[in-house]
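Everything on this sheet refers to the single structure shown next.
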Amino acid sequence: MWKATILWVLLTLEPSEGLFRSLYRNVRVCNPSHRDPGQPLFLTPYIKSGKIQEGKQLSLVGPFPGANVKSYSGYLTVNETYNSNLFFWFFPAQENPNDAPVVLWLQGGPGGSSMFGLFVEHGPYVVNKNLTVRARDFPWTAKFSMLYIDNPTGTGFSFTDDARGFAASEDDVARDLYSALTQFFQLFPEYRKNDFYATGESYAGKYVPAIAYYIHLLNPTAKVKINLKGVAIGDGFSDPETIIGGYPGFLYHIGLLDEKQKKYFQKQCAETIKYIKQEKWRKAFEIFDNLMNGDLTSYPSYFQNSTGCSYYFNFLQCQEPEEEKYFGDFLSLPEVRRAIHVGNLTFHDGSEVEKHMWADWFKSVKPWLAEIMNNYRISLGHMMMMMVMIANIYTALTVCQVLIYSGQLDIIVAAPLTERSLLVTNWKGLRDYKKVDKKIWRVHSSDVEVAGYVRQVGDFHQVIVRGGGHILPNDQPLRSFDMINRFIFGKGWEPY
Ligand SMILES: *[C@@H]1O[C@H](CO)[C@@H](O)[C@H](O)[C@H]1NC(C)=O
Ligand SMILES: *[C@@H]1O[C@H](CO)[C@@H](O)[C@H](O)[C@H]1NC(C)=O
Ligand SMILES: *[C@@H]1O[C@H](CO)[C@@H](O)[C@H](O)[C@H]1NC(C)=O
Ligand SMILES: *[C@@H]1O[C@H](CO)[C@@H](O)[C@H](O)[C@H]1NC(C)=O
């Protein structure tokens, strides 16, 4: 009865658009009608009773239409009181799976499903219009073991049975995610020794620092240690206040606002920032919503009115590309649901998640990010190296590689807005970052085109990728793949 009520409420809600979720929201995933979708697979009981082999065997993904690579999926129960469960889909690397780094991918939103990243950005599959899958060019799964998790609870296939099971803060997000990760490494102990990276884009610019900071804090005393080696954040909404302050100028300079509209934007952004400073999160949310999103209103946002565009992920495109929605229909197929062990469970569009997170929207995770950045490795011979080493011995601090990347054509977390927030992030490399010369990055030495630009201080890398927007790996598959390879394997930025 309780479940039926929740379902009814979800179905009767006006679909609301999230800051970074508008695109995911349009994806419709239906529950299957007649053919058998199988049963959802809950793995926590197997982990708890030590039936690791059995649980792992059951989680092996079955065949579905089109190309298939070996993968595992199922649910991990992260809060028994509220029956909160996170859905994961794991792809061991196609090359050298025994030693390849394990890379966690988190979608933004809040409330965007990581199935988007899997099917649209860097998983092994692309969905065709006729709902078969084909192999992607340059999937990240070629070199890395990719772990896609629908996060936080209530996103995509992840669910909870109680309103209190939803995350309301980044602490809640990190707590549930950490539980899922420790269970994952119990189910797949052979991957525990491999390097681990937390990555994601957009609103995950908050989740990634949150989970990395949590791991960093808990690792010294944890039974299941997570071998955190670094983080990568794409077009991250980590520090809302500085990002918002940059909109009027940025939109004006790329020709989307005229002088008069810029003034209106300046006024509204200043108002939003004022409320952020006063910690009046609801007020800030309302003004910003009116300006950019129009979730709370029945009319289009000021941004939509003044640009004529409903898409703010790439300033060369006005509408969401059709093919980015195919995966929703694919995930509705009973044979796919059976193969990935979700049964007939509802795929959530994330609007409930967004509602529970509104007070989190404009809070910055800058202090956590700075803490992670402060633990970056610096070049040998540097005086600080000694101090870091000593600190490491005594406090077992994780030494972290950090990549902050932007798509040059993104609007919503545009490259100069990210740069703006890096300049006010108080970390020990700030002075060097301001002074360092930008490098020009080409994938191959024979390339005429430039792939992007890099500013590097030790193991901190800031990258701007040319020719791509917010959904960068879809726009620029080769450059994105080359970027993540160079970063994780420490190959430098010289052309091959
Ligand atoms: C379950 O969620 C509640 C509410 O967020 C929280 O107080 C509690 O600590 C959680 N339990 C576990 C085991 O994480
Ligand atoms: C589906 O579409 C793909 C790509 O257009 C094509 O290669 C494939 O043969 C089609 N499969 C079926 C069953 O129609
Ligand atoms: C956008 O235009 C519509 C129609 O003219 C109007 O009703 C609405 O108030 C405008 N939105 C904003 C935020 O000004
Ligand atoms: C899923 O199927 C079970 C019976 O197998 C049924 O009780 C339940 O209501 C269904 N859930 C949804 C969301 O359709």
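Keep in mind that what you see is a predicted model, and the values were worked out from it rather than measured. The figures that follow rest on heavy atoms only: side chains count, while hydrogens, waters and symmetry mates do not. Both ligands and their constituent atoms are indexed starting at 1 by order of listing.
The pair Lys143-Glu95 meets the salt-bridge criterion, with a side-chain N (NZ, NE, NH1 or NH2) lying under 4.0 Å from an Asp/Glu carboxylate O. Between Lys48 and Glu80, at least one side-chain nitrogen of the basic residue sits less than 4.0 Å from a carboxylate oxygen of the acidic one, meeting the salt-bridge criterion. A salt bridge links Asp172 to Arg175: one of the charged nitrogens lies within less than 4.0 Å of a carboxylate oxygen. Salt bridge annotation for Lys277-Glu241: present, with a cationic side-chain nitrogen under 4.0 angstrom from a carboxylate oxygen.
Atoms of ligand 1 lying under 4.0 Å from any heavy atom of Asn79, numbered from 1 in the order shown and given with element: 1 (C), 2 (O), 3 (C), 8 (C), 10 (C), 11 (N), 12 (C), 14 (O). Of all atoms in ligand 1, listed by their number and element, those nearer than 4.0 Å to a heavy atom of Tyr82 are 2 (O), 3 (C), 4 (C). Using a 4.0 Å cut-off to heavy atoms of Arg175, the atoms of ligand 1 that qualify are 2 (O), 5 (O), 6 (C), 14 (O). Near Arg164, meaning under 4.0 Å from any of its heavy atoms, are these atoms of ligand 1: 4 (C), 5 (O). Taking every non-hydrogen atom of Thr132 and a distance limit under 4.0 Å, the qualifying atoms of ligand 2 come out as 1 (C).
Every side-chain hydrogen bond (donor to acceptor under 3.5 Å, both in side chains) that Thr81 has, sequence neighbours left out, goes to Asn79.
Note on residues 182-192: pairs passing salt bridge (Lys or Arg N to Asp or Glu O under 4.0 Å), not counting sequence neighbours, are Lys56-Glu190.
Protein neighbours of ligand 3 below 4.0 Å, counting non-hydrogen atoms: Asn290, Tyr299, Pro300, Ser301, Tyr302, Asn305.
Two residues are said to be in side-chain contact when any heavy atoms from C-beta on lie closer than 4.5 Å; Tyr247 and Phe288 meet this criterion.
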Donor-acceptor pairs under 3.5 angstrom involving side-chain atoms of residues 252-268: please list them, not counting sequence neighbours.
residue : atom : partner : partner atom : Å
Tyr252  : OH   : Glu259  : OE1          : 3.2
Asp258  : OD1  : Lys260  : N            : 3.2
Asp258  : OD1  : Gln261  : N            : 2.8
Gln261  : OE1  : Asp258  : N            : 2.9

